[in-house]
Undergrad: 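Right, I'll just put the structure down here and ask away after.
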Amino acid sequence: IWERKDRHVIPVGGRFSSTLARFVTVHKLTISRVTMSDEGVYMCVALVGLRGQVESASASIRVLPYGLRLSGNANATIYEGRVELRPGYGVWGTMCSLIQETNYLLRSADVVCRELGYGLALRTTHDPNTYGIWEGSMYLLPECDGNEQVLDDCNHEGLLSPAIGCTANQTFGVICEGKFIR
């Protein structure tokens, strides 16, 4: 008996594709536009060979109710920028922080970088001139301990709730280690 289990975290509206292969048997699952109802465990079982050997493959999908990206970087590096969040299929907004304490910001930045597939955070910034001034929706940066896999795992009172009291000087930017770790 052969069994394989994969775990994936996908933002709503994202694309999921997984190919699980063993010998000559290929199990493929593709979801072109992930919705919240796609969350769960997908399993494929096949009988192969002359003796009817059982192979199974499963993919666990956790769907996040938001998209996450780094934006506004004129240096054209993909691992730094203003942290932006998009609720569901909505409009992108920026993250902001009312707390300016360095360790707090770096712990949350580590989670942002990890969720995007990069190394640890090297630096954070609140300077609106670094990644451009934001004039749209703002979302409050959650309180993270730095070990979470995604922002949704951090302590928050509604990650997608609009931030009250944030200004352009409190937009949250991050520089991540450039290595891709997914």
Side-chain angles (χ1 to χ4, degrees), residues 8-16 31-40 61-178 180-182:
H8 304 275
V9 179
I10 316 270
V12 68
R15 176 179 167 76
F16 172 77
I31 303 171
S32 59
R33 191 169 172 120
V34 174
T35 66
M36 290 303 290
S37 62
D38 291 321
E39 185 164 283
I61 300 175
R62 176 178 177 191
V63 181
L64 298 174
Y66 60 86
L68 185 69
R69 72 180 181 189
L70 300 179
S71 185
N73 179 12
N75 296 325
T77 57
I78 59 172
Y79 51 89
E80 69 174 291
R82 179 179 54 243
V83 179
E84 294 183 356
L85 192 74
R86 181 190 67 211
Y89 301 107
V91 177
W92 288 98
T94 192
M95 301 292 293
C96 71
S97 176
L98 299 173
I99 301 172
Q100 305 295 314
E101 196 267 313
T102 303
N103 288 332
Y104 165 83
L105 296 173
L106 278 173
R107 288 190 305 267
S108 296
D110 280 343
V111 177
V112 167
C113 294
R114 182 177 301 115
E115 183 170 342
L116 292 171
Y118 302 116
L120 295 175
L122 299 174
R123 188 167 62 91
T124 65
T125 180
H126 282 85
D127 182 0
N129 298 316
T130 304
Y131 301 119
I133 295 175
W134 182 261
E135 296 179 2
S137 298
M138 290 188 168
Y139 304 102
L140 196 58
L141 184 70
E143 184 178 333
C144 303
D145 67 20
N147 297 316
E148 299 89 349
Q149 294 301 306
V150 295
L151 283 177
D152 199 39
D153 294 339
C154 298
N155 185 19
H156 59 82
E157 305 241 347
L159 186 60
L160 301 176
S161 301
I164 307 297
C166 280
T167 67
N169 291 330
Q170 293 162 320
T171 59
F172 183 64
V174 66
I175 299 173
C176 305
E177 287 181 322
F180 197 68
I181 58 172
R182 275 196 185 163

Undergrad: For Val112, does its backbone N or O pair with a side-chain atom of Glu115 as donor and acceptor, under 3.5 Å?
TA: no
Undergrad: Is Val150 close to Tyr66 at the side-chain level, that is, under 4.5 Å between some pair of heavy atoms?
TA: yes
Undergrad: Supply the atom-to-atom distance Cys113 SG to Leu68 CG, rounded to the nearest 0.5 angstrom.
TA: 9.5 Å
Undergrad: Can you tell me how far the CD atom of Glu143 sits from the CG atom of Leu151, to the nearest 0.5 Å?
TA: 13.0 Å
Undergrad: Can you tell if the side chain of His156 reaches within under 4.5 Å of the side chain of Leu140, non-hydrogen atoms only?
TA: no
Undergrad: Less than 4.5 Å apart, side chain to side chain, heavy atoms only: is that true for Asp145 and Glu148?
TA: yes
Undergrad: With rounding to the nearest 0.5 angstrom, report the OH to CG distance, Tyr131 to Leu70.
TA: 8.0 Å
Undergrad: Report yes if the side chains of Ser137 and Val91 come closer than 4.5 Å at any heavy-atom pair, otherwise no.
TA: no
Undergrad: Taking the side chain as every heavy atom from C-beta outward, state whether Arg82 and Ser71 have any atom pair closer than 4.5 Å.
TA: yes
Undergrad: So, does Thr124 use its side chain to make a donor-acceptor pair with the main chain of Phe172 at under 3.5 Å?
TA: no
Undergrad: What closest approach, in Å, do Leu141 and Met95 show between heavy atoms, and which atom pair accounts for it?
TA: CA-CE, 3.5 Å
Undergrad: Compare all side-chain heavy atoms of Arg114 with those of Leu120 and state whether any distance is below 4.5 angstrom.
TA: yes
Undergrad: Kindly say whether Cys144 contributes a backbone atom to a donor-acceptor pair with the side chain of Arg107 at under 3.5 angstrom?
TA: yes
Undergrad: If you measure from CG on Leu105 to CG on Asp110, what distance do you get to the nearest 0.5 Å?
TA: 11.0 Å
Undergrad: Is the closest side-chain heavy-atom distance between Tyr118 and Glu177 below 4.5 Å?
TA: no
Undergrad: Using a 4.5 Å cut-off on heavy atoms from C-beta on, say whether the side chain of Cys176 contacts that of Leu116.
TA: no
Undergrad: Of the options Cys96, Pro87, Cys166, which is the one that meets Tyr139 in a side chain to side chain contact (heavy atoms under 4.5 Å, CB included)?
TA: Pro87
Undergrad: Closest approach of Trp134 and Gly93, non-hydrogen atoms and distance?
TA: CZ2-CA, 3.5 Å
